[in-house]
Trainee: 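Dropping a structure here in structure tokens format, bear with me for questions.
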Amino acid sequence: MNQIEAYNLLHQGALALSRAEEAGIRVDVDYLERKIKHLARQMEYYERKFKESKFYSRWEKFQGDEPNPNSTVQLREYLYTELGKKPPKETEKGFGSVDKESLTELNISELNMLLESRKLKKNMDYLLGFQREAIDGWLHPNFNLHLVKTYRSSSDHPNFQNIPKRDKEAMKLTRRALFPRPGHQILEVDYSGLEVRIAACYHKDPTMIKYLKEGFDMHGDMAVQLFKLDKYDSSNANHAYLRAATKNGFVFPQFYGDYFGNCAKYLACDWGKLPSGNFLYSQGVDVEPDRSLAKHLVGKGIRNYKDFTEHVKAIEEDFWGKRFRVYARWKERWWHDYQKKGYVDLYTGFRCRGMMGKNDAINYPIQGAAFHCLLWSLIQLDYFLYTYKWRSRIIGQIHDSIVLDVHPDEFFSLIAHIKKITTEDLPKAWDWIIIPLEVDFEYCEVDAPWSEKKELESTNGV
DNA sequence: TGTTCATGG
DNA sequence: TATCCATGAACA
């Protein structure tokens with residue numbers, strides 16, 4: 001594809017997204033007002049309790065003034081200088097970190113209070129943002145195509161692309177404010193594993209292609225290797241958890257250019273959430289014998305954190321040296337080409353210029369082109385809804401997913417059309433897409449808020 | 001204005 | 001060489 005096609009994609013994309021902005025999403029302003037008051041009371045409670053503690057009075061003495069728990073500088077001085085604690089982690093600039101991971105690791109009860117109040121504040125900020133941007137009970141988030149260096153989109157006022165989802169409590173609290181039009185329902189369609197599939201279009205690694213075409217479970221296989229399981233059992237909650245940890249703590253970081261040391265740290269740390277124990281995070285200390293995963297790994301010859309790091313190192317070497325060696329060779333070639341040319345071209349006709357590190361040069365074209373798949377689909381869908389005067393509307397987009405406000409009469413036929421556009425029409429339009437694409441659907445009942453979203457079990461036969 | 005933290009993909 | 005891309009709030 002060439003730069004004319006790239007321009008047209010952005011032009012048509014801007015028009016389609018402007019219609020989504022105009023459509024907007026309903027917001028329950030009464031709920032916002034109630035909940036904001038409620039959160040304010042909860043925050044006051046935590047503040048009061050925190051100030052009653054000995055931990056606080058010592059901080060007050062040290063500070064010589066009223067301490068500000070929101071100041072990372074004050075907090076780190078107090079913890080790491082006055083109290084002499086050892087920072088579990090450092091910031092990018094080399095100071096002692098006071099983020100959630102570090103404060104949890106320090107294991108001081110007053111810090112848990114502080115973390116709780118940070119969480120409340122964060123939730124409050126989302127609701128205040130909605131309240132500030134609401135016009136007559138409607139939000140109209142902006143969707144930008146001109147701000148991101150990879151030619152992805154961004155969103156602001158309010159940002160539609162970072163509303164809580166993983167933390168169930170925060171998810172319910174924030175998305176409970178957002179509604180479809182009266183008598184309508186929210187529908188979401190998202191491309192599954194889009195970036196992995198688009199990456200495979202670039203590097204064409206046969207093993208990866210096989211995983212994607214045959215529907216084999218790459219994360220499950222890696223979990224078996226990392227945790228020395230006999231066989232992956234998806235009905236086992238521990239296995240399912242380890243698979244998620246593997247996906248987020250090894251596979252994706254490796255794709256983005258991380259190395260075994262960080263991966264080992266993340267995986268060991270993450271076991272803290274597992275019933276079987278958090279032993280390895282206590283750095284080099286031998287495992288506690290009464291924890292089942294610990295026992296299991298000891299039985300396999302991995303006795304401590306150091307052993308585990310070596311183990312992850314070996315798996316990393318196998319990952320790039322054997323399993324995905326064609327992918328690895330592509331990365332080297334691509335990086336070499338960038339150093340020669342000073343730019344990288346996307347399959348979609350865009351060019352990224354400027355100073356890039358190795359990870360940047362490799363990841364930008366994948367991230368950008370993956371988003372363009374979504375954008376192309378959104379343009380087609382918008383054109384279709386607009387031309388045939390459907391009552392359903394696109395109301396937003398989150399990198400690899402589209403959010404719609406749907407009239408119930410149009411629900412099933414709309415799903416069929418979306419499936420055709422996203423998984424059949426797109427690969428026909430762009431011949432560089434050599435991997436089959438898949439989409440999943442989620443939906444809410446009529447008049448239900450976004451917090452009530454559930455999976456659509458099967459879209460066969462619609 | 002740059003840094004840190006938290007949220008999403 | 002060592003985790004990619006954003007927005008937004010608060011602080012210094």
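A, B, ... follow the sequence lines: proteins, then strands. Residue 1 opens every chain. In what follows, every heavy atom counts, from backbone to side chain, and hydrogens, waters and symmetry copies are set aside.
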Trainee: Quick check: does any side chain N or O of His417(A) sit under 3.5 Å from a backbone N or O of Leu381(A), one acting as donor and the other as acceptor?
Mentor: no
Trainee: Look at atom OH of Tyr383(A) and say whether more than 12 heavy atoms of other residues, nucleotides or ligands are closer to it than 6.0 Å.
Mentor: no
Trainee: Run the side chain to side chain donor-acceptor pair (under 3.5 Å) test on Tyr211(A) and Asp221(A) for me, step by step, so that the C-alpha distance in whole Å, both residues' side-chain angles and the decisive distance to 0.1 Å come before the verdict.
Mentor: CA-CA 10 Å; Tyr211(A) 267 112; Asp221(A) 285 358; 2.6 Å; yes
Trainee: Tell me whether the NZ or CZ atom of Lys340(A) lies within the 45° cone about the ring axis of Tyr338(A) and under 6.0 Å from its centre.
Mentor: no
Trainee: Taking side chain as C-beta onward, heavy atoms only, is Met208(A) less than 4.5 Å from His203(A)?
Mentor: yes
Trainee: So that I can tick it off, tell me whether Asp28(A) and Arg176(A) are bridged by a salt bridge, with the cut-off set at under 4.0 angstrom between side-chain N and carboxylate O.
Mentor: yes
Trainee: Check this for me: does any side-chain nitrogen of one of Arg243(A) and Asp217(A) sit under 4.0 Å from a carboxylate oxygen of the other?
Mentor: yes
Trainee: Looking at every strand, decide which applies to Phe260(A) at a 4.0 Å heavy-atom threshold: base, sugar-phosphate, or nothing.
Mentor: nothing
Trainee: Under 4.5 Å between any side-chain heavy atoms of Val196(A) and Met218(A), yes or no?
Mentor: yes
Trainee: Considering only heavy atoms, which members of residues 344-361 of chain A lie under 4.0 Å from some atom of DNA chain B?
Mentor: none
Trainee: Name all residues meeting the salt bridge (charged side-chain N to carboxylate O under 4.0 Å, His left out) criterion together with Glu82(A); count only those two or more places apart in sequence or in a different chain, and write none if there are none.
Mentor: Arg58(A)
Trainee: Is Lys172(A) close enough and on-axis enough to Trp450(A), meaning under 6.0 Å and within 45°, for cation-pi?
Mentor: no
Trainee: Reading DNA chain C from 5' to 3', where do the contacts with chain A start and stop? Cut-off is 4.0 Å to heavy atoms.
Mentor: dA2(C) to dA12(C)
Trainee: Under 4.0 Å between a Lys/Arg side-chain N and an Asp/Glu carboxylate O for Arg34(A) and Asp30(A)?
Mentor: no
Trainee: With a non-hydrogen cut-off below 4.0 angstrom, is Asn262(A) in contact with a base, only sugar-phosphate, or nothing?
Mentor: base
Trainee: With sequence neighbours left out, what residues match Glu445(A) under salt bridge (charged side-chain N to carboxylate O under 4.0 Å, His left out)?
Mentor: Lys454(A)
Trainee: Counting only non-hydrogen atoms, which of residues 110-143 of chain A are less than 4.0 Å from DNA chain C?
Mentor: Lys121(A), Asp125(A), Arg132(A)
Trainee: Please list, in 5' to 3' order, the outermost nucleotides of DNA chain B lying under 4.0 Å from any heavy atom of chain A.
Mentor: dT3(B) to dG9(B)
Trainee: Please identify each residue that fulfils side chain to side chain contact (heavy atoms under 4.5 Å, CB included) with Thr91(A), with sequence neighbours left out.
Mentor: Lys93(A), Phe95(A), Ser97(A)
Trainee: Can we say Glu195(A) and Arg152(A) salt-bridge, meaning some charged N sits less than 4.0 Å from an Asp/Glu carboxylate O?
Mentor: yes
Trainee: Is the count of non-hydrogen atoms from other residues, nucleotides or ligands lying under 6.0 Å from Lys119(A) atom NZ greater than 12?
Mentor: no
Trainee: Where along residues 45-53 of chain A does a heavy atom fall under 4.0 Å from DNA chain B?
Mentor: none
Trainee: Classify the nucleic acid contact of Ser401(A) as base, sugar-phosphate or nothing, counting any heavy atom under 4.0 Å across all strands shown.
Mentor: nothing
Trainee: Step by step, work out the side-chain contact (heavy atoms from CB on, under 4.5 Å) result for Asn144(A) and Ser153(A).
Mentor: CA-CA 5 Å; Asn144(A) 314 296; Ser153(A) 70; over 6 Å; no
Trainee: Looking at residues 145-160 of chain A, who's got a heavy atom less than 4.0 Å off DNA chain B?
Mentor: Arg152(A)
Trainee: Just wondering, do Tyr78(A) and Phe55(A) contact through their side chains at under 4.5 Å, heavy atoms?
Mentor: yes
Trainee: Could you list the residues that satisfy ring pair (Phe, Tyr, Trp, His ring centres under 6.0 Å) with His399(A), not counting sequence neighbours?
Mentor: none
Trainee: Please find out if less than 6.0 Å separates the ring center of Tyr151(A) from that of Phe371(A).
Mentor: no
Trainee: Using a 4.0 Å heavy-atom cut-off, does Glu195(A) contact any base of the nucleic acid, only the sugar-phosphate backbone, or nothing at all?
Mentor: nothing
Trainee: For residues 362-375 of chain A, which residues have at least one heavy atom under 4.0 Å from DNA chain C?
Mentor: Asn363(A), Tyr364(A), Gln367(A)
Trainee: For residues 350-358 of chain A, tabulate all N or O donor-acceptor pairs below 3.5 Å that involve a side-chain atom, not counting sequence neighbours.
Mentor:
from, atom 1, to, atom 2, distance (Å)
Arg351(A), NE, Asp345(A), OD1, 2.6
Arg351(A), NH2, Asp345(A), OD2, 3.0
Lys358(A), NZ, Glu332(A), OE2, 2.7

